[in-house]
Amino acid sequence: MRRLRLLLLAPVVALLSACDLVVLKPAGDVAAQQGDLLMVSTLLMLIIILPVMALIVFFAWKYRASNKDAEYQPDWDHSTSLELVIWAAPLLIIICLGALTWAGTHLLDPYRPIDRIKPGQAVPENVEPLQVNVVALDWKWMFIYPQYGVATVNELAAPVDRPIRFHITSSSVMNSFYIPALAGQIYAMPGMETKLHAVINRAGEYEGFSANYSGDGFSHMRFAFHGLDQAGFDRWISGVRQGAQTLDRDRYLELEKPSEKVPAMHFASVDGMLWDAILNMCVEPGKMCMGEMMAIDKQGGMTMASVRNTMPLVYDKYAGRGKSPAYFGSNDSYVMTICTPLQAEAAAADRVRRAALDTVVAPSSLDRLTGQGLSPKRASLAALTPVAPGAFAAAPTGVRSAPNA
C-alpha cells in the first residue's frame, strides 16, 4: 500500500515540476523585489503559524482520553508568562511587517521612476527610459511607442536593462495591466492615466494579461512580451515599421470595438494626437475633450448657455455614440462648438438661423395672482417684444446664474 501511494503521487510531482514560478523567480528587478517582499512577509508570519500548528497537534496528543498521566487543572485561568508570549510575539511580528510594508510600498511605488537596473547597478544618467502608452481595449491590448512612432496590438517588446515607463489607460471598462515577470499589476481606467515603471533584466519570451474581469473576452485578453537585447529590439522596431498599416482615429475606432482572440498587429505610423484623444475620451470627430471641458470650468464655466452640453459629454460607450445629431453635432450643442474655429462659425450661423425662425413670445404679465381663480391683468400683445432663444441664457461676466433659473 505504501508503494502504491507513492506511485499515485508521482503524476502530481511531475505536474508540479513543470510549474513556472514566475512570480517568485521573475526576470525584472521590480518584480524580483516584490517577490522578496512576499517571501519575507510569509516567513515572518510562519514564525507564529508553525508553532501554533505544532502546539495544536501536541495538545491533542498530550491531553488525549487515554493519557491518564496528563495534569488536570480545572481551576486554572491565568498565566502571566503565557500571556506575554501569546501577545508579545504577534505584536513584534506586526511591527516588523508594518515597517517592511511601509518601506516596500514607497520604494516600489509604480509611479516612482526606478533608480537601479539590478542589485548593485544604478540607472545610468544618460539612459532615456522607453515610453510605452498602453490602451486596454475590449478585449485586447494596444501599445503605442511615441519615441519610435509605431504601435502594436497584443504584442509588446522592450530591451534588456533599459528602464520602461508605461502610461496606461482604457477605452471603456476598467482593466488591470499585469506582466508577472516584469512588475506588479496596475489598473487601467477610462479617462484616467496610471503609470508603471519597470525593467526587464533577462531576455526571453513572457506573457502579459488582464488581471481584472472585464467581460466575455476576458479569458483571451493576453499578449506576448519579448525581452530583447538592444540589437534585437532595434530589429523588432524595424520590422514593425515595414508594415503598411497606419493607426489613425478611424482605425482606432474600428479596433476598439469588442473582439476576441485578436492576433498580433503592427502599425508603421501613428497619429501623434491619438493618445491624447484616447485619454481625453474625444477620439470621435466633434466630441468635446475632457481637457477642454475642464479648462472651461476652470474659467468659471459658461453659465446657463452650457446646460445643453450635458448630453454630448455623457460617456455612453456604445448605446448613444453617434446615433443622434444632438449628441455630437452642432445643432444642440453650444460649448463644444467653441473648440475649433470651423465649429464656432457653424454654431454662430445656426444660432442666427434659430433666432430668425423660432422666436419666443414673452409672458403677457408678470404680476402675481391674488387668489385662486382670479384672472391676472392682461397686457397688450402688440406691446410685447419677441425674445430670441438664449437671450436670457448668457449672464454678464462675473455674475452667476441661479441654480433654478
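All values below come from the heavy atoms of this structure, side chains included, with hydrogens, waters and symmetry mates left out. Predicted, not measured: the structure shown is a model, and the values here were computed from it.
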- Checking side-chain contact (heavy atoms from CB on, under 4.5 Å) for the pair Asp109/His106: CA distance, chi angles, key distance, verdict? CA-CA 5 Å; Asp109 181 1; His106 288 79; 5.8 Å; no
[X] versus [Y]: any side-chain heavy-atom pair under 4.5 Å?
X: His266; Y: Val150; answer: no
X: Glu128; Y: Gln147; answer: yes
X: Arg202; Y: Val160; answer: no
X: Tyr252; Y: Leu137; answer: yes
X: Pro113; Y: Arg165; answer: no
X: Leu37; Y: Leu100; answer: yes
X: Trp275; Y: Val270; answer: no

Under-4.0 Å salt bridge between Lys118 and Asp161: yes
Parallel, tilted or perpendicular: which describes the rings of Trp236 and Phe233, with under 30° parallel and over 60° perpendicular? parallel
- Task: Over 60° means perpendicular and under 30° means parallel, so classify the ring planes of Tyr206 and Phe225, tilted if in between.
- Result: tilted
Is a donor from one side chain sitting under 3.5 angstrom from an acceptor on the other, for [X] and [Y]?
X: Glu193; Y: His167; value: yes
X: Thr246; Y: Ser269; value: yes
X: Glu155; Y: His226; value: yes
X: Gln34; Y: Asp36; value: no
X: Ser170; Y: Asn175; value: no

*asked:* Applying salt bridge (charged side-chain N to carboxylate O under 4.0 Å, His left out) to Arg116 and Asp29, what does each step give before you reach the verdict?
replied: CA-CA 8 Å; Arg116 75 178 198 182; Asp29 183 64; 2.8 Å; yes
Might you point out which heavy atoms bring [X] and [Y] nearest each other, and give the distance in Å?
X: Ile200; Y: Ala181; answer: CD1-O, 4.2 Å
X: Glu71; Y: Tyr63; answer: O-CE2, 3.7 Å
X: Asn154; Y: Ala264; answer: O-CB, 4.2 Å

The residue among Leu196, Leu156, Val132 that forms side-chain contact (heavy atoms from CB on, under 4.5 Å) with Ile164 is Val132
- Message: Please determine whether the number of non-hydrogen atoms from other residues, nucleotides or ligands lying under 6.0 Å from atom CE of Met45 exceeds 12.
- Response: yes
- Is the Phe143-Phe223 ring centre distance short of 6.0 angstrom? yes
Next on the checklist: Tell me whether Gln230 contacts the main-chain N or O of Arg162 through its side chain, where contact means a donor paired with an acceptor under 3.5 Å.
Outcome noted: no
| query | Is the backbone N or O of Asp248 less than 3.5 Å from a side-chain atom of Arg251, with the two atoms forming a donor-acceptor pair by type? | reply | no
| request: Show the numbers, then the answer: is there a ring pair (Phe, Tyr, Trp, His ring centres under 6.0 Å) between Trp141 and Phe209? | output: CA-CA 9 Å; Trp141 292 94; Phe209 53 89; 9.4 Å; no
